[in-house]
Amino acid sequence: MTAHPAVGLVPQPREVEPRHGHVVLGADATVWSDPELTAAARWWRRTCEDAFGVTWDLRVGAGIGTGTGTGTGTGTVFVLDGQLPAGGYTVDAEGSTITVTAADAAGAHAAAQTLRQLLGPAAYRRAGAGAVAVPAVRIDDEPRCSWRGLLLDVSRHFMPKDGVLRMIDLAAAHKLNVLQLHLTDDQGWRIEIRSKPLLTQVGAWRTGSGVGTWRAERVDETPHGGFYTQDDLREIVRYAAARGVTVVPEIDVPGHCQAAIAAYPELGMPGAAREVRQSWGISDGVVRPTPATVAFFAEVLDEVLEIFDSPVICLGGDEVPTTPWHGSAELEAQAAELGLGGVDELHVWFVAQLARHLAERGRRASVWDEASGPLLPADAVVCSWRGVAQGADAMRAGRDVVLAPEQFVYLDHRAGDGPDEPVPVGFVRTVDDVYGFDIEPPPVQEALADGAPGRVLGAQAQLWTEHLDSGRRVDFAAFPRLAAFAEAVWTTPERRDLADFRRRLVEHHLPRLDAVGVEYRPLDGPLPWQRRPGVQGWPRDLEAEFAAAGWAGAGGWHPE
Ligand code: ACM
C-alpha cells in the first residue's frame, strides 16, 4: 500500500481507514453546520479560503446532516452527534462530501484541525491558490484526556498580543485545548486592572533583565516590559474560543509578587524590595498575607473574572519563601487567631481565601502543588509540577489533578545535552523523552489502584520564559517537542509508537510547521543563530535528582 497522507496525522487518531481518491472541494463548495458547531465550521472555511483562494458559502441550521435534506452536495457538513464521546469526532470523506460528526464544539474543532492536516503544508499558508483536495478517508477519534494544556509565561518576557494569538493557533493545530497564561510574577505584571492602575503603570516595566542563570549574576541594562489591556485579553479569550482553546489566567500569589509590591508597597512585608525584579530565581517578593491583602487580590480577581470565562482560574501558590513572615508579631497573632500551626501556614490559608472567593462566584481555583491542602475548597484543581507524587497525593485527598511535572514537560528545559544548546537549563528533555510521558505514571497508577477519589484531568506543558526572550526563542523551545506532548495527551498508549511518530514528524509535520513559519529546533540540534554562546545555563541531572528525591522531585523552595 502506498502511504496515504492520513498516516501523517499528529496526534495519531484512534482509527484511520484510508480510502481511494480525494474529495475535491472547488470554488462552489458549501460548508453546512449545526448551530453548535459553527465556530469550527467558520474556522475551516476561513482557513481554506486563505490558503487556497476559494470562496465558500456557509449555511447554518438546526438538524443539518440529519436527513432533512440540507447538507448534501459538494462541501463539508458538520453534524452534531451527542452519542460520541466528549471531544470526539468522526470524519467521513468520500465522493464529493466530507461529513464531520462531532460530539460537541470541541470535537468539531479537533475534526477541523484533522482536515487541515490532511491537506498538507499548503493549508498552513495564509495566501495561496489551488484545489482543496482532501484524501478520501474515514477517521474515528477522541481525546485521551480533557485538559491538554500549554502554559505560556508572559511575565518573565512579555509576548506581544500577536504572538499570543499565534501560539493559540499553534496549540489548536496540535489539538491542545488549554492555554494557561502566567500573567504575573516578580519580573512583570501583565494584565490591566482598572481599579489598580499602578499594577501596570509601575509593575509592568523593569530596567534590566538577567542574562542566563541568576547564579551568574549577570544583568543587562535593556529596559523590558509590556502588558495586555482588558480589550486585548478579551480578544485573546474570544480568538482562543473560536479555535476550541480555553484561556486560563494565572495570578500568582502569595509568592512571585515583587512586581505587584513594587506598584503597591503596602502589599509587601516591611523592607521588601521596591522595584520590579530584574534577575531570575525564587525571590523574597512574598506578600504580607493579611485580610487587607486578600481583599486587594479579591478585587483584582473580580476584574479577571469579567475578562476570562474559563471555569478554572489559577492562583499560583508555588515557591513561597515564608522566611520574611517569621518574627512578624502581626502575622504570628493572625496565625494564632486563625488556629493555624504558625505563620508558614498562612501560605495555603492566603490562597484558600482567594479560592473561596472564586468558588462563591462559580469558578474553580487551580494551584501549584505546594498550595494544596485541606483549607482549599473541595473542587480546587492541583497542578503537580515538582513531581508526580504530589499529584497522586492530591488524588488520594479527593482532588482533580493536572500533571505538569518538571521532569517531563517543562519545555524551557534543554532539548539536548550538546554544547550548542542555548542557555541550557534543567533536565535534558528530548523529543523522545517528551513523547514517553504518560498521564498515568507509577504513583498515579498506584493511587488509581487504591481507589483514590481524585481524577487526572490531563497534563500541561510549560514554557517558562526567563531564558526565552523572544517569540523566536519560544518557538525553538516549544517545537517540535510540543507535537510529541500533544500525542502523549491525545492518543492512548496502545496507539502510540515512537518510531512511527518520528516518521510522521519528519515526513509530514515539520513541513507543516515550516509552512506556518515556526522556527523549531531541528532534530539534529540548533541552527547557528539559535545558539547563545557565552550565556551560562544551569543544567540539572535527572537521574541524580530522581535517585535523591524519587517521584516527588527536588525542585521548589526549601527552607535553609
Ligand atoms: C513552577 O515551576 N514554579 C510552577
Side-chain angles (χ1 to χ4, degrees), residues 147 149-157 178-188 190 210 213-214 248-260 277 279-287 312-322 347-348 350-351 365-373 376 380-391 393-394 399 401-414 423 425-427 429 434 437 458-468 474 477-478 485 537-540 542 545 549 551-559:
W147 187 302
L150 173 65
L151 175 143
L152 184 62
D153 169 7
V154 291
S155 170
R156 271 52 173 272
H157 281 101
V178 173
L179 178 71
Q180 179 160 326
L181 275 186
H182 183 75
L183 288 164
T184 69
D185 212 304
D186 298 314
Q187 294 84 3
R190 309 277 176 234
T213 174
W214 58 270
V248 172
E250 180 182 352
I251 306 294
D252 200 350
V253 291
H256 291 279
C257 279
Q258 193 170 316
R277 190 173 166 88
S279 63
W280 321 122
I282 301 174
S283 90
D284 277 349
V286 293
V287 301
V312 176
I313 308 288
C314 185
L315 297 173
D318 57 320
E319 298 178 321
V320 182
T322 50
H347 167 189
V348 177
F350 187 86
V351 177
S366 72
V367 299
W368 296 109
D369 60 63
E370 295 100 315
S372 183
L376 287 179
V381 176
V382 171
C383 292
S384 192
W385 78 272
R386 288 178 296 170
V388 290
Q390 294 85 348
D393 289 346
R399 298 210 178 275
V401 165
V402 173
L403 296 179
E406 64 167 349
Q407 294 81 2
F408 293 97
V409 290
Y410 269 36
L411 301 185
D412 51 314
H413 286 202
R414 57 209 165 115
V423 204
V425 297
F427 307 121
R429 294 289 82 191
V434 174
F437 171 69
Q460 185 164 282
Q462 273 55 234
L463 284 166
W464 301 106
T465 59
E466 289 94 330
H467 310 296
L468 308 179
V474 169
F485 174 76
W538 183 253
R540 291 164 65 186
L542 184 55
E545 290 198 23
W551 292 106
W557 178 76
H558 301 283

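Predicted model only: the values in this text are computed from it and were never measured. Remember, it's 1-based here, ligands and their atoms both numbered in the order they're listed.
Ring pair Trp464/Tyr410 is tilted by interplanar angle, where 30° to 60° counts as tilted. Below 30°, between 30° and 60°, or above 60°: for His467 and Trp280 the angle between ring planes is above 60°, a perpendicular geometry.
Within the listing of ligand 1, atoms 1 (C), 2 (O), 4 (C) sit less than 4.0 angstrom from a heavy atom of Trp464. Which parts of ligand 1 touch Glu319 is read off a 4.0 Å heavy-atom cut-off, strictly below it: atoms 3 (N).
In terms of protein heavy-atom proximity, atom 3 (N) of ligand 1 is closest to Asp318 OD2, 2.6 Å. Protein heavy atom nearest atom 2 (O) of ligand 1, with residue, atom name and distance: Tyr410 OH, 2.7 Å.
Side-chain contact check for Asp186 and Ser283: at least one donor-acceptor pair (N or O, by modelled atom type) lies under 3.5 Å.
Here the rule is ring pair (Phe, Tyr, Trp, His ring centres under 6.0 Å) with Phe408, and of Phe485, Phe437, Phe427, Trp385 only Phe437 fits it.
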